[in-house]
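Data block below; observations after.
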Amino acid sequence: SVVADLKTPNTMQMSLVLTAIVAVAAAWQQQGPAPGDMPMKLMIAVKQTNIEWLRHTLRQVSHPESPSYGQYLSFEEQAKHVHGVPESVDAITTLLDSAGLEYTRQHDDSYIFANGPAAIVAAVMECQPMLWTHAERNLSVARCASPSVPLTLATHTDFVIGHHRLPNDRRVRVLRQQAQNKSGLLGTTPDSIDKAYKLGQATATNKTNLQAIASFLHQYFSKEDLATFQKKFGVPVRPIAKVEGVNLDAAPGVEADLDVQYISATGRGVPTYFISTSQEVNHGQEDFLTWMAGQLNDNQSPWVHSVSYGDDEASIPADYKTRVNDDFMKFGVSGRTVLVAAGDSGVTCKSDKFNPDWPTSCPYITAVGGTSTDPTAVWTFGGGGFSNFYPAEDWQKSVISSYLNGGEAPATSYFNVSGRAYPDVAAFATDFEIVFHGSTTGVAGTSCATPTFAGVVSQLNDVLLNSGKPTLGFLNPFLYTTGANHPNAFNDVTTGANSGGAGCPGFKATKGWDPASGWGSADFSVLKTVL
C-alpha cells in the first residue's frame, strides 16, 4: 500500500492511504450450477525433491563467510536436484491427459498449470462447480462447492488452487489523514535520498545488470509520468526496458508510478523491468504464484525484484506459505534478491496479539521497513515484528536475543519470540514526491522504501559485476554479517517506535538491529567497500 499526500490551497498537506482489502463475501452470490463449458484453471504445486539440499545450498552460497559464497546455480542446474517428484508428475499428467485437460509444465516440473471447461475440471477434482457472480461488477466465475482435493491428487501435491477459493476483489480504500509535515514542502526527493545514503549519484554501467518491479492489483505505470519525473529531478531519462504482462499507460496507479520512478532514481542506469500480474478479477494467491513461477522459469529474470504486495500472514494457508518460502530459496540460489515492503500498519495488534504481514515475514526475502524524513527515526506506521509461522534463521538469532534482552521490547505475550523477525533494513517512507497524471503528488509508505532500497542493491550489484564478481543474491546473511562487523555501513535508526494500535505497544528502535527498522538505511559509500 502507499499513502498519497495532496497539497490543499492553504498548503496544508492531506493524505490518502491506499490499502488493498479483501471483498466482503456477500459481494459474491451463488447462482446455481455452473455451465459445463465455463472455463476454469488449476494451479497444481507438485511435491518436490531435495528441499533440504536447497536450504543447505542457499546457506552456502549466500553467507559471506562460506567458501562457496557467490557460487550460484542457474535454475536449470538447481532443477537437477530440486524438481517435481517424477512419480507425482507422471500421476498428475496421466490424470489430466485422461480427462482431456490442456496443461503446461514448469521447466522443473514443480508446477503444472491446467485449464479447461468446468465440467471436465469438476470431474478431475471430484466436485460440483457452482456459478458465482459479483454483485457490483460484471464478473462471474465457476468454483467448486467443496475445497477438498481428491486423494488421486492430494498425495502428489503440496496444494491445488483455482477450483474453490473465490477471487479476492481487491480495491483501493481511501482514508484521509493529516500529514505530519505541515510546511507544504515535501522532504524526500531523489536528491535528498542520494545525499542521505551517500550514493554520489552512482550510475550503473554493467550491461548485465537488471532490476524489476513486481506489480499486482491492476497497478500500471505511465511512461509520460516516468519521463516527467526523471527530467524534473535530474535523473537520467531512461524508459522501462521491458514490460512483462499488461500495462495500461492511460490508467496509471499511484503505487506503480511510485515504484518505477524511485527504483530508477536510486538504481540509476540499471535497466528496469515492469512485471505485471493482474487477472480480470484479481486472484490474490494465484497472481502472486503466477509471478513467482514466471520468474523461476526464466534465466533472464532480473537480479533484483522489488515487491510491495502484502497480506495478513494468518490469512494465508500453511501449505502455501511453506511452498512460497521454498521457492524464494530458488531465487537466492540463482543469485537473485527479492525485497518486500514490511507493511504500513505497524504491528497490527488484534486481541492483544501482534499480527505479522506476509510475504515480508518469509525468512528468504529481505523485508524493508520505513523511517521518517529524519533517517534516525522510525516511521510510526512501518510494519515490523515476528512471524507466527516461520522460525528465526541462524543469521539473525543473536540480534533477536540482544533486542529481547535489552529492556526495550514489549511484553513477549504479544508476539512469537522464536519467529523470524522483520524488517531487515529500512529506508525513507514519508513525504516522497512523485509525478502522477502529470502533476507532482506526495506519497508515503514502505512501498516507497522498498524500491528505494532495491535501487541501492542494484548499484551494489553493479560494483560487483564490474569487478567480475557475482551479484549479492539472497541478501540477509550479508546484511547481518555486515551489521555486526561494519555497523557504520548503515544509518542506525534509534528513536521512535512502530505503531501498536488497539491499546498495544509497538517495537522501539534501539542501537543496532531492531524489529522496527532492521539495521537501518544504507550508507552506500561504506557498503560498496565491504562487498
Side-chain angles (χ1 to χ4, degrees), residues 62 64 188 193 196-199 211 262-263 266-267 304-308 310 328 332 337-344 356-357 359-372 374-379 382-387 392-393 395-396 399-400 403 420-430 445-461 472-494 496 498 507 509-528 530-531:
S62 59
T188 310
I193 292 171
Y197 301 159
K198 298 180 182 177
L199 282 160
Q211 60 188 8
Y262 273 87
I263 199 171
T266 53
V304 173
H305 294 266
S306 176
V307 182
S308 294
F328 277 136
T337 305
V338 180
L339 301 104
V340 180
D344 301 336
D357 272 18
T360 197
S361 63
C362 291
Y364 301 127
I365 58 86
T366 296
V368 184
T371 74
S372 70
D374 175 357
T376 68
V378 171
W379 181 49
F386 291 74
S387 172
E393 294 286 323
W395 35 263
Q396 69 167 182
V399 294
I400 290 175
Y403 182 81
R420 182 277 204 264
Y422 71 95
D424 303 299
V425 290
F428 289 130
T430 63
T446 55
S447 293
C448 301
T450 307
T452 298
F453 201 96
V456 175
V457 176
S458 288
Q459 295 292 0
L460 293 171
N461 276 344
L472 283 167
F474 174 49
L475 204 54
N476 293 358
F478 168 79
L479 293 174
Y480 285 76
T481 300
T482 302
N485 298 330
H486 305 277
N488 60 332
F490 300 99
N491 301 305
D492 198 5
V493 181
T494 56
N498 58 6
F507 290 103
T510 61
K511 182 177 176 58
W513 180 91
D514 55 70
S517 64
W519 286 103
S521 57
D523 185 325
F524 179 75
S525 69
V526 178
L527 280 170
K528 69 180 182 180
V530 298
L531 293 173

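Partners of N498 according to the side chain to side chain donor-acceptor pair (under 3.5 Å) rule, which considers only residues two or more places apart in sequence or in another chain, do not exist here. For D514, the salt bridge (Lys or Arg N to Asp or Glu O under 4.0 Å) criterion is met by no residue, not counting sequence neighbours. With sequence neighbours excluded, no residue satisfies side chain to side chain donor-acceptor pair (under 3.5 Å) with Y197. Considering only residues two or more places apart in sequence or on other chains, Y364 meets the ring-ring contact (aromatic ring centres under 6.0 Å, His included) condition with F474. Remark: F453 engages no residue in a ring-ring contact (aromatic ring centres under 6.0 Å, His included) (not counting sequence neighbours). Judged as a side chain to side chain contact (heavy atoms under 4.5 Å, CB included), and not counting sequence neighbours, the contacts of P375 are F428. Partners of K511 under the salt bridge (Lys or Arg N to Asp or Glu O under 4.0 Å) rule, at least two apart in sequence or in another chain, do not exist in this structure. Applying the side chain to side chain donor-acceptor pair (under 3.5 Å) test to D357 and every residue at least two apart in sequence or in another chain returns nothing. For T481, the side chain to side chain contact (heavy atoms under 4.5 Å, CB included) partners are H63, P64, E65, N485, not counting sequence neighbours. Here Q459 pairs with nothing under the side chain to side chain donor-acceptor pair (under 3.5 Å) rule; sequence neighbours left out. For D492, the salt bridge (Lys or Arg N to Asp or Glu O under 4.0 Å) criterion is met by no residue, not counting sequence neighbours. The ring-ring contact (aromatic ring centres under 6.0 Å, His included) search around Y422 returns none, not counting sequence neighbours.
The backbone N or O of G382 sits nowhere less than 3.5 Å from a side-chain atom of D344 that would complete a donor-acceptor pair. Proximity of a side-chain donor or acceptor of T337 to a complementary backbone N or O of G473 within less than 3.5 Å is detected. When atom types are taken as modelled, the side chain of D424 and the backbone of G518 share no donor-acceptor pair closer than 3.5 angstrom.
Between A454 and I263, the shortest heavy-atom contact is CB-CD1, 4.0 Å. Contact detail for A342 and T360: the closest heavy-atom pair is CA-OG1, 3.5 Å. Residue G343 comes nearest to T446 through the heavy atom pair N-OG1, 3.1 Å, listed as atom of the first residue, atom of the second, then distance. V493 and G520 get closest at one heavy-atom pair: CG2-CA, 3.9 Å. When all heavy atoms of P477 and S62 are compared, the closest pair comes out as CB-O, 3.3 Å. Nearest heavy-atom pair across P423 and S517 is CG-C, 3.8 Å.
By the 4.5 Å heavy-atom criterion applied to side chains, N488 and D523 are not counted as neighbours. Side-chain contact check for F478 versus L527: some heavy-atom pair is nearer than 4.5 Å. Within the 4.5 Å cutoff, no side-chain heavy atoms of C448 are placed close to those of Y262.
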Can you check side chain to side chain contact (heavy atoms under 4.5 Å, CB included) on V457 and L472, steps first, answer last? CA-CA 8 Å; V457 176; L472 283 167; 4.2 Å; yes

Give the C-alpha distance, both sets of side-chain angles, the deciding distance and a yes or no for side chain to side chain contact (heavy atoms under 4.5 Å, CB included) between V307 and T450. CA-CA 7 Å; V307 182; T450 307; 5.9 Å; no

Go through T266 and Q211 one step at a time and tell me if the side chain to side chain contact (heavy atoms under 4.5 Å, CB included) criterion holds. CA-CA 11 Å; T266 53; Q211 60 188 8; over 6 Å; no

Set out, in order, the CA-CA distance, both residues' side-chain angles and the distance that settles side chain to side chain contact (heavy atoms under 4.5 Å, CB included) for L479 and W513, then state yes or no. CA-CA 10 Å; L479 293 174; W513 180 91; over 6 Å; no

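Note: T430 OG1 to W379 CH2 = 8.0 Å, rounded to the nearest 0.5 Å. With rounding to the nearest 0.5 Å, the separation of NE2 in H305 from CZ in F328 is 10.5 Å.
Between F490 and W519, the two ring planes are parallel [angle under 30°; tilted spans 30° to 60°].
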